[in-house]
Visitor: 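Sharing a structure below in structure tokens format, with a few things to ask.
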Amino acid sequence: MFQVLTGSWALFLGMFLLMVGNGLQGTLLGLRGDQEGFSTFALSIVMSAYFLGFLFSSRYTPKLIQRVGHVRVFAALGSMISAVLITYPVLVEPWAWTIGRVIIGFCFCGVYITAESWLNDASTNETRGKSLSIYMIVQMAGIVFAQWIVSQGDVSGYVLFIIPSVLVSLAFAPVLLSARPMPAFETTKPMSVKNLIAASPLACFGMFMLGGVFAAQFGMSAVYGNRVGLTVGEISLFISSIYVSALVLQYPIGWLSDRMDRRQLIIWLAMLGGAGSLLAFFIPGYFTVIMISGAIVGGMSNPLYALVIAYANDYLEKEDMAAASGGLLFINGLGAIAGPLIVGFMMDLIGNNGYWLFTAVLMFAIGLYGLYRATQRSRSDLDSETVPYTPVSAASTAIVAEVAQEVYIEAEEEMEASDTPGTRPA
């Protein structure tokens, strides 16, 4: 672990600053938009726009990098992020923020892809798994630190919008000035959605539903908190609870994943997440209950993302794993685009607790579909070993997803070489 940190500290520092900047702008827009009188539906469109830009960027940024190179893409996208962040408090209109969020989503995804390709190049077969773990911790820490910054400033002013712009600009320095040379950039063509569904229907369904859950957490949590009367400090603690619990529970759940039926674990996590949402739905108005529900849903849903990827790999040949990552992220992105729109509609339809009902329905849907799949395919349908669980953050791009798949592939090759018998969960 120390070797990974000393070899790639500049990259990790740059990614931390980027995550702080991104975490800030998401929460800020929800809070400021509510102060400016934006409707719930208007804010849901603004929040959804980020994921639309993110999805487009995942397809087109690799082409830009291949055409003009890492440095130019990184500098151009980073400059656009800084410019958009500063214009948010100047053009306080839903249509302007929606356009800005599409641009921000496109640029942040592109910046992540560029930086993560450097991180991938800096990793070896021996350190790739540790690099993924540290990267996930850096991502979560950046989002949590961003919430603390929000709680210290004035949402109605300009300073909090300038801070993420500065942080994103500062993030370029450690990445671009690191000693690592520019890596050769190649991406794997995604597996078709049809083939993915045929290989693992539960994994595809789970990724789509989780896209909606993550979009609600990242985009609409601040809107919900403001609407139910939480202070800025309480909203920051609420959002932080989602990501802190995800970080704390990621590794225990990963340990369980390698020792029990993964489908059963998916069902249990989804049901617990749904129950956590219903807790705040049926006992509204108490900050402690909101914190507990946020921690439960975040602690179940974020590790569930990595678990679903591992589950899909259990049904894939190792030569298909890298291609599958792009397809799974595409499915997740579609769910993320729809998530804020549906949350906004439900909050307008039944009140603020529509936020919790939405996440409850999605989490329970995963669990119930898992129970249905258990009647359609049994453990005996699998005849090879289970690959080890690898932590992957839901905020990652296809680059990190492909790195995770490389870890899976290497682990499977090692098991084949050692001829170690194992079981594979259904």
Visitor: Given 3.5 Å as the limit, does a donor-acceptor pair link the side chain of Q25 with the main chain of G21, or not?
Guide: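 A pair under 3.5 Å: no.
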
Visitor: Hey, does the side chain of T27 reach the backbone of L24 with a donor-acceptor pair shorter than 3.5 angstrom?
Guide: no

Visitor: What distance do L91 atom CG and I86 atom CD1 have between them, rounded to the nearest 0.5 Å?
Guide: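 Spacing of CG (L91) from CD1 (I86) equals 12.5 Å.
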
Visitor: Where is the tightest heavy-atom contact between T359 and A216, given as atom of each residue plus distance?
Guide: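 So the minimum-distance heavy-atom pair works out to CG2-CB, 4.3 Å.
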
Visitor: Can a donor-acceptor pair be found, under 3.5 Å and without considering hydrogens, that links the side chain of S151 to the backbone of G233?
Guide: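 Between the backbone of G233 and the side chain of S151 there is no qualifying donor-acceptor contact (under 3.5 Å).
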
Visitor: Start with the C-alpha gap between Y286 and I292, add the side-chain angles, then the distance that decides, and say whether side chain to side chain contact (heavy atoms under 4.5 Å, CB included) holds.
Guide: CA-CA 10 Å; Y286 295 93; I292 294 172; over 6 Å; no

Visitor: Ignoring hydrogens and geometry, is there a side-chain-to-backbone donor-acceptor pair from N226 to A222 under 3.5 Å?
Guide: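 Checked: no pair found.
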
Visitor: Supply the atom-to-atom distance F56 CZ to T61 OG1, rounded to the nearest 0.5 angstrom.
Guide: 12.0 Å

Visitor: Once you measure the plane-to-plane angle for F145 and F16, does it fall in the parallel (<30°), tilted (30-60°) or perpendicular (>60°) bin?
Guide: tilted

Visitor: Counting N and O atoms only, with roles assigned by atom type, does the side chain of S236 sit under 3.5 Å from a partner on the main chain of Q147, one being a donor and the other an acceptor?
Guide: yes

Visitor: Quick one, F108 with Y112, criterion ring-ring contact (aromatic ring centres under 6.0 Å, His included). Give me CA distance, side-chain angles, the key distance, then yes/no.
Guide: CA-CA 6 Å; F108 262 116; Y112 290 153; 5.7 Å; yes

Visitor: Using side chain to side chain contact (heavy atoms under 4.5 Å, CB included) as the criterion, point out the one residue from V102, N22, L55 that pairs with Y50.
Guide: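 Checked V102, N22, L55 against Y50; only one passes side chain to side chain contact (heavy atoms under 4.5 Å, CB included): N22.
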
Visitor: Might you point out which heavy atoms bring W97 and R32 nearest each other, and give the distance in Å?
Guide: CH2-CG, 3.7 Å

Visitor: Mind running side chain to side chain contact (heavy atoms under 4.5 Å, CB included) on L269 and L265 for me, showing each step along the way?
Guide: CA-CA 6 Å; L269 294 182; L265 186 56; 4.2 Å; yes

Visitor: Where do L362 and F358 land on the side chain to side chain contact (heavy atoms under 4.5 Å, CB included) test, with the steps shown first?
Guide: CA-CA 6 Å; L362 265 58; F358 173 78; 3.5 Å; yes

Visitor: What orientation do Y355 and F238 show, parallel under 30°, tilted 30 to 60°, or perpendicular over 60°?
Guide: perpendicular

Visitor: Between F282 and W356, does the ring centre distance come in under 6.0 Å?
Guide: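 Judged by ring-centre distance (under 6.0 Å), F282 and W356 do not meet the cut-off.
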
Visitor: I'd like to know if the side chain of R263 reaches the main chain of Y311, judged simply by a donor and an acceptor atom lying under 3.5 Å from each other, with no hydrogens or angles considered.
Guide: no

Visitor: Any heavy-atom pair between the side chains of L249 and M300 that's under 4.5 Å?
Guide: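 The answer is yes; the side chains approach within 4.5 Å.
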
Visitor: About how many Å separate CD1 of I266 and CG of L371, when rounded to the nearest 0.5 Å?
Guide: 11.5 Å

Visitor: Quick check: F214 with F51 (ring centres under 6.0 Å apart)?
Guide: no

